[in-house]
Amino acid sequence: MCSLPPELLAEIFQYCSAYNADAPLLLGSVSRQFREVAHSHPSVWHKLRLRLGFGTELAQIQKAGLWFKNCGACPLNVFMNITNTCPPTSDEEWFAHNYPFLIAFLRKNMHSIHALTLQSDTELKAHHLLDAITASSPLSSTEYEALQLHSLHIQITTDIPPMPSGWSPVFESFSLFPQLDSLKLINHILPGLTPPNILHLQNLSIVRPLTAPPLPSLKILRMISSAPSLIHLDIDSRISGEPLPDLNSHAELPALKSLSLRINNLPSILNLLASASLEKLRLTDLDGRRPRAGEQLGSMMENLTRELRTKDGELCGLNFLKSLEIAGIHGVESTSAHWDWCIRHLPRLESLTLNNLGCVNIVKALTETPDPLDARVGFYCPMLSHVSLSGVDALLLLQDLKMKRPSLRVEWDSGASVWHHSGRDHPRTVLSYTAGGYGFASLFDHERRNVENIWMKKRISLSDEDSSW
């Protein structure tokens with residue numbers, strides 16, 4: 001390690017600090033060389049973690065000062081954990097009174113903070129801290145423009161209490177960040193946001209546990225409609241099934257390119273939020289085991305491919321869609337006409353992932369051409385490069401797909417238990433076709449193997465939002 005060039009060491013340190021915010025301190029204590037490299041490269045200090053209630057205020061100020069000094073002009077991402085503090089609910093000035101020097105320091109350097117993540121046990125506590133470090137008193141135009149915060153994540157650790165369905169609390173903190181383009185609310189009460197506050201918002205993520213009260217669809221529609229610049233939208237929550245005043249109304253999202261929905265009442269919400277500009281669509285139905293759930297979603301997808309229009313009124317459908325992922329749907333008929341139509345009208349699709357959908361017509365459609373009599377005409381979804389399927393009991397169709405489209409990468413999870421030894425459960429059968437011909441990993445190579453003896457190690461995915469802090 002000591003023989004590596006300082007630039008390469010600095011890049012390694014930067015990756016370490018992305019995984020652990022305190023890595024610059026730990027690496028700087030290894031040797032003089034490590035300390036010099038860490039302190040001479042600002043990008044190593046791009047993440048700062050503060051935990052109020054642990055240690056003295058002086059220690060927090062010294063740590064923050066070290067990070068702000070060393071990061072230089074690099075944008076700083078700050079994570080603050082305030083779950084260990086116990087301010088009275090009604091005392092809005094508690095943080096300013098109990099951490100006066102730290103709050104003053106953060107307020108002075110607020111212009112250097114690019115992203116802020118707050119972890120709190122209540123919404124009021126989180127927003128009281130935001131008011132304190134942004135000086136909620138009226139700001140001059142120069143000070144207002146100096147607030148360069150672009151990303152705000154708020155994570156609440158306690159359960160969301162029941163509340164009236166039409167009630168949306170107004171937190172003035174959101175109006176203090178004119179440049180905000182990314183907002184993520186985890187287990188947070190859905191706030192009332194007006195267009196001036198989220199005019200430039202491009203990324204919105206709403207994540208709530210299944211035990212939280214369902215979100216009214218009208219509140220979601222109002223909030224999203226106030227963000228005309230939205231590009232990425234992610235909703236992971238239960239949705240109430242109350243009827244809307246106008247079921248034909250749609251959210252006007254002309255710039256939306258990525259939509260991820262892990263909700264119930266999926267077809268109706270998809271109809272409200274889908275946009276002709278979509279390039280990535282990820283759908284998970286929390287109520288996918290209800291009767292005809294797959295057919296209802298397939299019917300809605302067919303309607304979207306037929307009826308979606310651009311902001312200019314031009315009929316477009318889902319012609320720009322490049323990635324489609326569907327999960328949680330059960331009971332789809334193997335010869336569903338809705339899904340068959342949908343898959344034949346996605347001309348720019350590059351990646352397709354279907355988990356337990358069970359519709360073999362989709363696989364069959366990918367092996368067909370619009371004009372069987374003309375060999376020069378390509379297949380449906382001509383730009384498709386990756387297909388991942390699970391639960392589709394159609395291995396022969398998948399083999400036919402790979403033989404007709406050898407450049408296609410095909411992954412299949414049968415969903416059935418493989419033969420096991422010593423009484424322990426083993427992972428499911430998974431085949432991955434990645435090459436043509438007769439060599440390793442080719443279709444011929446897979447066919448000559450006994451697929452029941454293929455064992456794969458279980459994969460572990462980390463989804464902890466704060467694992468990198």
Side-chain angles (χ1 to χ4, degrees), residues 1-85 99 102 105-106 109-110 112-121 125-126 129-130 133 148-157 182-188 203 205 207 234 457-469:
M1 289 288 289
C2 295
S3 60
L4 294 177
E7 294 78 11
L8 183 56
L9 270 180
E11 188 171 351
I12 296 174
F13 290 177
Q14 185 176 348
Y15 280 105
C16 293
S17 61
Y19 179 77
N20 186 341
D22 293 331
L25 288 180
L26 301 175
L27 293 170
S29 63
V30 173
S31 66
R32 178 179 297 178
Q33 180 191 11
F34 277 28
R35 177 180 173 83
E36 291 176 353
V37 171
H39 283 259
S40 59
H41 290 80
S43 59
V44 177
W45 303 81
H46 70 282
K47 297 182 71 173
L48 168 63
R49 177 187 176 96
L50 298 175
R51 303 180 66 187
L52 273 62
F54 295 86
T56 64
E57 181 185 13
L58 178 60
Q60 302 285 350
I61 295 175
Q62 290 176 337
K63 181 178 182 180
L66 180 63
W67 255 259
F68 278 98
K69 175 185 175 182
N70 289 326
C71 76
C74 290
L76 186 63
N77 300 341
V78 179
F79 173 88
M80 297 186 69
N81 185 337
I82 58 175
T83 56
N84 202 47
T85 59
Y99 295 91
L102 178 61
F105 179 84
L106 293 175
N109 294 277
M110 192 65 192
S112 300
I113 300 179
H114 179 268
L116 177 62
T117 300
L118 292 181
Q119 187 178 63
S120 173
D121 47 356
K125 189 192 296 186
L129 177 61
L130 279 176
I133 62 178
Q148 295 298 321
L149 190 69
H150 286 264
S151 176
L152 176 62
H153 294 182
I154 302 179
Q155 180 179 1
I156 308 302
T157 58
S182 178
L183 176 62
K184 185 170 187 176
L185 303 176
I186 303 176
N187 203 25
H188 191 291
N203 304 278
S205 179
V207 181
D234 181 7
K457 295 182 179 180
K458 293 183 178 180
R459 298 177 180 177
I460 300 177
S461 60
L462 298 177
S463 58
D464 185 4
E465 289 293 328
D466 301 319
S467 61
S468 62
W469 292 98

Are Asp22 and Lys63 within salt-bridge range, i.e. N to O under 4.0 Å?
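Judged by the 4.0 Å cut-off on N to carboxylate O distance, Asp22 and Lys63 do form a salt bridge.
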Please report the closest heavy-atom contact between [X] and [Y], naming both atoms and the distance.
X: Cys71; Y: Pro42; result: O-CB, 3.2 Å
X: Asn187; Y: Thr157; result: ND2-C, 4.2 Å
X: Pro24; Y: Ala38; result: O-CB, 4.5 Å
X: Val44; Y: Gln14; result: CG2-N, 4.3 Å
X: Leu27; Y: Cys16; result: CD1-CB, 4.1 Å
X: His41; Y: Val37; result: ND1-O, 2.9 Å

Is any side-chain heavy atom of His39 closer than 4.5 Å to a side-chain heavy atom of Asn70?
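Yes, close enough: below the 4.5 Å cut-off.
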Leu25 side chain near Leu66 side chain, heavy-atom distance below 4.5 Å:
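Yes, their side chains come closer than 4.5 Å.
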Run the side-chain hydrogen bond (donor to acceptor under 3.5 Å, both in side chains) test against Thr83 and tell me which residues pass, sequence neighbours left out.
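Asn81.
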Under the side-chain hydrogen bond (donor to acceptor under 3.5 Å, both in side chains) test, residues paired with Gln60 that sit two or more places apart:
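Expected list: none.
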The criterion is side-chain contact (heavy atoms from CB on, under 4.5 Å); which residues satisfy it with His114, sequence neighbours excluded?
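In terms of side-chain contact (heavy atoms from CB on, under 4.5 Å), with neighbours along the sequence ignored, His114 is linked to Pro75, Asn77, His150.
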Residue list, side-chain contact (heavy atoms from CB on, under 4.5 Å) with Ser29, at least two apart or on another chain
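Once residues adjacent in sequence are excluded, Ser29 has no partner under the side-chain contact (heavy atoms from CB on, under 4.5 Å) criterion.
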Approximate separation, where rounding is to 0.5 Å, of [X] [atom1] and [Y] [atom2]:
X: Leu76; Y: Phe68; atom1: CG; atom2: CZ; value: 5.0 Å
X: Leu118; Y: Leu130; atom1: CG; atom2: CG; value: 5.0 Å
X: Asp234; Y: Leu185; atom1: CG; atom2: CG; value: 11.5 Å
X: Leu102; Y: Leu58; atom1: CG; atom2: CG; value: 10.5 Å
X: His153; Y: Ser182; atom1: NE2; atom2: OG; value: 4.0 Å
X: Lys47; Y: Trp67; atom1: NZ; atom2: CH2; value: 11.5 Å

Go through the steps for Phe79 and Arg51 under the test side chain to side chain contact (heavy atoms under 4.5 Å, CB included), then give the verdict.
CA-CA 8 Å; Phe79 173 88; Arg51 303 180 66 187; 5.6 Å; no
Tyr99: what forms a ring-ring contact (aromatic ring centres under 6.0 Å, His included) with it, not counting sequence neighbours?
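With neighbours one apart ignored, the set is empty.
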Tell me, please, which residues at least two apart from Asp121 pass salt bridge (Lys or Arg N to Asp or Glu O under 4.0 Å).
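Asp121: salt bridge (Lys or Arg N to Asp or Glu O under 4.0 Å) contacts with Lys125.
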Taking it one step at a time, do Leu106 and Val78 satisfy side chain to side chain contact (heavy atoms under 4.5 Å, CB included)?
CA-CA 10 Å; Leu106 293 175; Val78 179; 5.6 Å; no
